[in-house]
Protein chains: 2
Amino acid sequence: MARTKFDETDFKGAALAIAAERGPLAVTVGSITERLKAPTGSFYHRFASRDILLGELWLETVLDFQQGTTAALDAGDPLAAALHTPAWVRKHLDEGRLLLLYHRDDFVQREWPQTLRDRVAAQTEQMAGGFARAARLIFGHAGPDEIRRAQFLLAEVPVAVVRRHLERREPPPPIVDELIRITYRAVVDDYRTRTRSDGAGG
Amino acid sequence: MARTKFDETDFKGAALAIAAERGPLAVTVGSITERLKAPTGSFYHRFASRDILLGELWLETVLDFQQGTTAALDAGDPLAAALHTPAWVRKHLDEGRLLLLYHRDDFVQREWPQTLRDRVAAQTEQMAGGFARAARLIFGHAGPDEIRRAQFLLAEVPVAVVRRHLERREPPPPIVDELIRITYRAVVDDYRTRTRSDGAGG
DNA sequence: CGACTACTAGAATAATTATTCTAGAGATCT
DNA sequence: AGATCTCTAGAATAATTATTCTAGTAGTCG
């Protein structure tokens with residue numbers, strides 16, 4: 001066995017750094033190997049293709065992120081799930097840029113590699129399940145309307161407030177959490193008053 | 001003068017359609033001319049480069065979008081400015097995808113063309129001015145904290161709620177406006193109560 | 001030691017795109 | 001009609017990338 005100079009994590013680390021700096025499009029086999037001063041042969045010895053490296057990187061990152069949300073829901077605390085986004089981003093600035101500034105499909109150039117399809121599908125499903133669970137925790141019911149509101153509170157708003165700061169490569173300031181809290185409480189209160197006065201909410 | 005078969009708007013229209021369907025990356029000189037069945041010579045007769053076509057397309061689209069926001073602020077109605085996003089998107093689904101699903105820099109491949117730099121800078125400035133104006137209208141004051149909240153209400157939240165629907169190529173349903181309204185009222189009320197109880201706001 | 005394995009090394013190849021270039025065609029003007 | 005100007009046409013060129021291929025090298029196992 002020849003001396004291993006570059007392992008999988010080296011390549012992934014370089015890819016993450018480049019993606020965080022210049023976007024996923026700038027992550028080319030050339031830019032990775034240049035940064036590492038590794039030959040392209042070593043790259044292809046580890047990964048069957050560029051798309052597989054980037055697909056795995058995205059998938060691992062999103063799963064790490066989602067874990068925190070899931071944990072908060074397991075603890076029955078949906079507000080904590082909403083606040084998890086800024087908290088996680090503060091710990092993982094590069095990963096935050098990767099995940100929240102770009103689209104899933106910005107990472108692979110063609111179709112998603114067959115080898116990753118199932119894992120991506122599982123991730124999507126887990127996410128959908130999380131929203132339903134959150135809807136039940138927050139509103140006591142998981143109809144389409146409640147799920148839509150849960151998506152708003154747990155995903156759309158937190159990502160939206162955090163984005164501007166990620167673009168500037170700065171950790172999200174406290175006002176971000178405050179805005180998430182205000183919005184959370186407002187949507188919950190609104191739902192309660194509305195279901196109390198006029199019949200159902202769908 | 002030879003018969004004009006393809007004018008600027010033909011090329012821009014094709015570019016818009018392709019960008020809305022498959023993203024700005026799929027807008028290549030080849031995909032445009034193929035769609036139009038035009039020769040590449042005609043393309044380069046109209047536009048100095050691919051980046052200039054796409055830069056102009058983005059710029060024209062964002063200015064059209066911003067006009068509605070500005071009009072609402074001129075009318076002294078910041079809530080209408082917040083609701084302008086879903087309203088405009090319903091009228092311009094393709095343009096909405098172009099503008100709200102991608103980044104400004106996804107459109108040009110290298111640096112922004114020199115010829116467009118000034119117009120982009122003016123656009124950015126206009127946008128910043130709009131937020132300051134909105135902050136004054138909503139909160140009566142335009143300090144950093146008030147401006148941040150105005151950005152949240154006028155830009156971040158509306159874009160965030162609308163995005164999911166744009167991804168599915170469907171017009172944003174009424175719940176979107178409702179969520180924007182709820183959030184708007186909540187942030188305004190919060191600011192009022194807070195500045196009434198403990199001193200200033202930041 | 002000698003075969004084998006797991007890599008390093010990087011040149012060669014292929015595919016995709018932007019851009020340039022050379023020709024030719026139809027209007028318009030005189 | 002003939003000159004000229006604006007375009008159409010599309011082939012040729014250049015640059016960028018992903019991927020493949022051929023060699024060589026350093027450990028490990030027998």
Side-chain angles (χ1 to χ4, degrees), chain A residues 1-19 21-58 102 105-116, chain B residues 1-19 21-58 102 105-116:
Chain A
M1 190 195 287
R3 199 161 75 84
T4 289
K5 287 191 179 176
F6 313 99
D7 62 14
E8 283 203 11
T9 65
D10 291 327
F11 289 112
K12 280 185 183 162
L16 168 63
I18 295 166
E21 275 169 26
R22 295 183 283 141
L25 213 74
V27 183
T28 66
V29 176
S31 69
I32 291 172
T33 54
E34 184 191 28
R35 189 183 188 101
L36 246 39
K37 285 174 192 350
T40 65
S42 295
F43 178 89
Y44 280 95
H45 185 73
R46 302 284 178 189
F47 300 96
S49 72
R50 187 210 96 118
D51 279 5
I52 283 179
L53 165 69
L54 275 142
E56 286 186 2
L57 180 60
W58 182 84
Y102 304 95
D105 290 347
D106 294 339
F107 290 84
V108 304
Q109 285 176 337
R110 312 198 142 202
E111 297 233 291
W112 269 74
Q114 192 60 57
T115 27
L116 301 181
Chain B
M1 188 194 289
R3 199 159 73 84
T4 289
K5 287 191 180 178
F6 314 100
D7 62 14
E8 282 204 11
T9 65
D10 291 327
F11 289 113
K12 280 185 182 161
L16 168 62
I18 295 164
E21 274 169 27
R22 296 183 282 142
L25 214 73
V27 183
T28 66
V29 176
S31 69
I32 291 172
T33 54
E34 184 190 28
R35 188 184 190 99
L36 246 39
K37 285 170 191 355
T40 65
S42 295
F43 178 90
Y44 280 96
H45 184 74
R46 302 284 178 189
F47 299 96
S49 72
R50 187 210 95 117
D51 279 6
I52 284 179
L53 165 68
L54 275 143
E56 285 186 1
L57 180 60
W58 181 85
Y102 305 96
D105 291 345
D106 293 340
F107 291 83
V108 303
Q109 285 176 336
R110 313 200 138 199
E111 297 234 290
W112 269 75
Q114 192 60 56
T115 28
L116 300 180

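Since we're looking at a predicted model, the values are computed, not measured. Per chain, numbering begins at 1; letters A, B, ... match sequence-line order.
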Could you state the atom-to-atom distance from [atom1] of [X] to [atom2] of [N] in whole Å?
{"X": "B:Ile18", "N": "C:dT17", "atom1": "CD1", "atom2": "C1'", "result": "14 Å"}
{"X": "B:Asp10", "N": "D:dC7", "atom1": "CG", "atom2": "P", "result": "13 Å"}
{"X": "B:Lys5", "N": "C:dG24", "atom1": "NZ", "atom2": "C1'", "result": "13 Å"}
{"X": "B:Phe11", "N": "C:dA18", "atom1": "CZ", "atom2": "P", "result": "14 Å"}
{"X": "A:Phe43", "N": "C:dG10", "atom1": "CZ", "atom2": "P", "result": "17 Å"}
{"X": "B:Leu25", "N": "D:dT16", "atom1": "CG", "atom2": "P", "result": "16 Å"}
{"X": "B:Leu36", "N": "D:dT8", "atom1": "CG", "atom2": "P", "result": "10 Å"}
{"X": "B:Glu34", "N": "D:dA9", "atom1": "CD", "atom2": "C1'", "result": "16 Å"}

Where the side chain of [X] is concerned, which of [options] is the nearest nucleotide?
{"X": "B:Tyr44", "options": "C:dA18, C:dA27, D:dA18", "value": "C:dA18"}
{"X": "B:His45", "options": "C:dT8, D:dC7, D:dT19", "value": "D:dC7"}
{"X": "B:Thr40", "options": "C:dA11, C:dT20, D:dT8", "value": "C:dT20"}
{"X": "A:Arg50", "options": "C:dT20, D:dT8, D:dA18", "value": "D:dA18"}
{"X": "B:Phe6", "options": "C:dT8, D:dT19, D:dT8", "value": "D:dT8"}
{"X": "A:Pro39", "options": "C:dG10, C:dT19, D:dA18", "value": "C:dG10"}
{"X": "A:Gln109", "options": "D:dT8, D:dA18, C:dC7", "value": "D:dA18"}

**Study point:** Short side-chain N/O contact from A:Arg46 to OP1 or OP2 of C:dC7, under 4.0 Å
**Key:** yes
Exercise for review: Respond yes when some side-chain nitrogen or oxygen of B:Lys37 is under 4.0 Å from OP1 or OP2 of D:dT8, and no when none is.
Suggested key: no
Exercise for review: Using salt bridge (Lys or Arg N to Asp or Glu O under 4.0 Å) as the criterion, list what pairs up with B:Glu8, not counting sequence neighbours.
Suggested key: B:Lys12
**Study point:** Non-hydrogen atoms of B:Arg46 and B:Thr4 that approach each other most closely
**Key:** NH2-CG2, 3.2 Å
Review point. Checking side-chain hydrogen bond (donor to acceptor under 3.5 Å, both in side chains) for the pair B:Asp51/B:Trp112: CA distance, chi angles, key distance, verdict?
Key: CA-CA 7 Å; B:Asp51 279 6; B:Trp112 269 75; over 6 Å; no
Check your understanding: When we call it a touch if two heavy atoms are under 4.0 Å apart, what does B:Thr28 touch: a base, just sugar-phosphate, or nothing?
Key -> sugar-phosphate
Exercise for review: Report yes or no: does A:Ser31 contribute a side-chain atom to a donor-acceptor pair with the main-chain N or O of A:Ala26 at less than 3.5 Å?
Suggested key: yes
Review point. Considering residues, nucleotides and ligands other than A:Leu116, do more than 12 of their heavy atoms fall under 6.0 Å from its CG?
Key: yes
Point to revise | Given DNA chain D, 5'-ward residue of the pair B:Asp7 and A:Ser31, judged by closest heavy atom | key: B:Asp7
Point to revise | Residue mapping more 5' on DNA chain D - nearest nucleotide basis, B:Ser42 or A:Gly30 | key: B:Ser42
